[in-house]
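These numbers come from a predicted model, not from an experiment. Quick note on labels: first sequence line is chain A, next is B, and so on, each numbered from 1.
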Protein chains: 2
Amino acid sequence: MHPLQQAAKCSTCVIGKFCLPLGLTIEEAEQIDILVSQKLRLNKGEYLYHQGDPFISLYSIRFGSLKTELLLQDGRSQIIGFHLPGEILGLDGIGNNVYQSEAIALEDCEVCIVQFSEFETLCQKIPSLQRHLYQLLSREITQDHRHLLTLGSLNAEEKLAYLFIYLSERLAKRGLSSTEFNLAMGREEIGDYLGLKIETVSRILSKFSQAGIIEVKSKHLKILNIKELYRLAGSELTQPIRQ
Amino acid sequence: MHPLQQAAKCSTCVIGKFCLPLGLTIEEAEQIDILVSQKLRLNKGEYLYHQGDPFISLYSIRFGSLKTELLLQDGRSQIIGFHLPGEILGLDGIGNNVYQSEAIALEDCEVCIVQFSEFETLCQKIPSLQRHLYQLLSREITQDHRHLLTLGSLNAEEKLAYLFIYLSERLAKRGLSSTEFNLAMGREEIGDYLGLKIETVSRILSKFSQAGIIEVKSKHLKILNIKELYRLAGSELTQPIRQ
DNA sequence: CGAGCGTTTGAAATCGGTCAACAGCAGTGG
DNA sequence: CCACTGCTGTTGACCGATTTCAAACGCTCG
């Protein structure tokens with residue numbers, strides 16, 4: 001089913017400091033190396049897992065990005081998250097031993113495979129790792145709550161502003177530019193994330209451009225007035241998350 | 001700040017089987033008794049915690065119900081969840097040692113206090129308890145994802161149908177009637193949960209009543225045609241969560 | 001009984017959705 | 001190299017669901 005598998009190592013991975021080994025000693029990180037033995041490449045559009053698949057592994061992203069989504073029978077889809085390198089996928093599978101969403105590559109990417117049962121055992125031995133997993137889960141909850149606020153209480157402009165700030169901050173954390181980056185997702189996917197139609201997304205991008213807030217050329221985005229975006233998105237709520 | 005504190009015991013609590021001790025042996029449950037030493041009463045409208053308060057404890061609901069919400073500067077509010085007896089509150093505090101939402105009593109209620117640092121230590125000793133906490137966190141994520149789908153992809157009627165089914169299923173799990181119950185929240189709170197205005201909520205309740213789907217008399221709800229509610233809410237997605 | 005709040009209902013306004021045409025660009029194949 | 005095709009994104013005109021504004025209703029509690 002999946003194209004290729006190779007050995008992986010946390011202790012030498014460049015993404016390591018944003019990823020699972022965060023906060024571990026060198027010896028502890030080496031213990032993870034044993035678990036994280038395989039990685040896996042996906043081409044754009046390929047599935048990492050489907051809703052209902054048996055939950056066996058967590059995945060951490062080495063490079064590229066993915067989306068997770070829920071589907072309705074009639075074709076409507078809700079994108080739950082856009083996922084960047086260093087982030088962990090599959091956490092929603094722990095609750096009922098079945099993945100609860102679809103995970104799809106937004107572009108060519110590579111993920112590490114972490115068998116959960118082994119990882120759980122290791123967590124028993126390394127308290128700081130256990131704590132890290134709790135925090136990972138809890139932060140995902142917090143992110144989802146922000147997303148809920150966005151979908152339930154913001155208007156279309158505010159929603160777009162939220163997304164751009166959210167992406168910007170996460171990229172900054174990884175040492176990348178917070179003001180100029182590529183959108184791996186298309187307009188429709190932006191809409192499915194924010195509960196908007198593609199035409200609305202497009203119109204608001206045009207409006208932001210004309211207002212001098214951003215510059216968009218197809219997938220490339222440059223933020224010119226980030227303050228205005230913060231103002232629109234309800235600034236007090238986009239701040240408090242640290243990592 | 002909080003009205004009253006009394007001794008609590010999991011091993012004798014009637015709500016126990018839906019709560020933290022779920023799946024533990026008698027000896028293990030007695031170990032929890034030591035942790036869960038205090039409980040606390042709240043009157044309707046009182047806060048259990050505020051966004052930004054230091055995270056010290058998880059809370060489990062003995063009776064009554066609460067809401068958690070996020071607020072925007074301009075007064076808009078997004079309700080994140082309605083919480084019933086046996087459910088755990090405060091999980092969003094683990095990630096950054098600060099509660100990330102407001103928790104408010106919807107009616108008079110009582111909660112048990114579980115100091116998280118002690119609970120975490122106990123989890124190290126009892127693997128099944130550790131697993132339970134992971135599952136708790138993961139299921140909250142799954143619930144939030146459903147809620148996201150609801151806010152982002154459903155129309156007003158479908159949203160209401162989703163809420164009623166969601167409440168109905170959770171009450172059924174507790175051995176209560178799945179077709180007739182009281183809504184602890186007001187119309188405005190329903191709206192803040194679903195991303196709708198109070199008038200829209202009211203109109204759709206009237207419409208459902210006229211269509212013979214429900215019977216509402218102020219806070220009392222009777223579901224007459226649950227199949228139709230399932231159909232509206234996108235049935236395939238309200239099923240798979242087990243507990 | 002009257003005050004006050006929460007809820008319901010109606011009419012008008014608005015935001016975002018729908019439908020439709022078109023533009024831009026990548027890939028394909030002559 | 002350049003038409004042809006198909007896909008994605010943009011723009012405009014119109015439509016409709018939900019919001020807004022306003023008024024009335026009906027509890028509950030002093």
Once you round it to whole Å, what is the distance between [atom2] of [N] and [atom1] of [X]?
{"X": "L160(B)", "N": "dA17(D)", "atom1": "CG", "atom2": "C1'", "result": "14 Å"}
{"X": "H220(B)", "N": "dC27(D)", "atom1": "NE2", "atom2": "C1'", "result": "17 Å"}
{"X": "L196(B)", "N": "dT20(D)", "atom1": "CG", "atom2": "C1'", "result": "14 Å"}
{"X": "L205(A)", "N": "dT10(D)", "atom1": "CG", "atom2": "C1'", "result": "10 Å"}
{"X": "R203(B)", "N": "dC21(D)", "atom1": "CZ", "atom2": "P", "result": "13 Å"}
{"X": "D192(B)", "N": "dT19(D)", "atom1": "CG", "atom2": "P", "result": "11 Å"}
{"X": "K197(B)", "N": "dT18(D)", "atom1": "NZ", "atom2": "C1'", "result": "10 Å"}
{"X": "E199(B)", "N": "dC21(D)", "atom1": "CD", "atom2": "P", "result": "10 Å"}

Would you check if the side chain of [X] reaches a backbone N or O of [Y] as a donor-acceptor pair within less than 3.5 Å?
{"X": "R187(B)", "Y": "T200(B)", "value": "no"}
{"X": "Q78(B)", "Y": "D192(B)", "value": "yes"}
{"X": "E189(B)", "Y": "G186(B)", "value": "yes"}
{"X": "N182(A)", "Y": "A184(A)", "value": "no"}
{"X": "E107(A)", "Y": "S65(A)", "value": "yes"}
{"X": "S138(B)", "Y": "L91(A)", "value": "yes"}
{"X": "S202(B)", "Y": "I198(B)", "value": "no"}

Tell me whether the OP1 or OP2 atom of dT19(D) has a side-chain N or O from T200(B) closer than 4.0 Å.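 Looking at the OP1 and OP2 atoms of dT19(D), one of them is under 4.0 Å from a side-chain N or O of T200(B).
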
So where does chain A start and stop touching DNA chain C, 5' to 3', when the test is distance under 4.0 Å to a non-hydrogen atom?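 First and last nucleotides in contact are dG16(C) to dC19(C).
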
Could you give me the CA-CA distance, side-chain angles and deciding distance for R174(A) and E87(A), then say whether salt bridge (charged side-chain N to carboxylate O under 4.0 Å, His left out) is met? CA-CA 11 Å; R174(A) 288 167 177 72; E87(A) 294 180 343; 3.4 Å; yes

List in numerical order all residues of residues 207-218 of chain B for which some heavy atom is under 4.0 Å away from an atom belonging to DNA chain D.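 Heavy-atom contacts with DNA chain D come from no residue of residues 207-218 of chain B; none.
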
Within the 3.5 Å criterion, strictly below it, is a donor on S77(A) or E69(A) matched to an acceptor on the partner's side chain?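 Side chains of S77(A) and E69(A): pair found under 3.5 Å.
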
Classify the nucleic acid contact of G195(A) as base, sugar-phosphate or nothing, counting any heavy atom under 4.0 Å across all strands shown.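 Here G195(A) touches the backbone only, sparing every base.
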
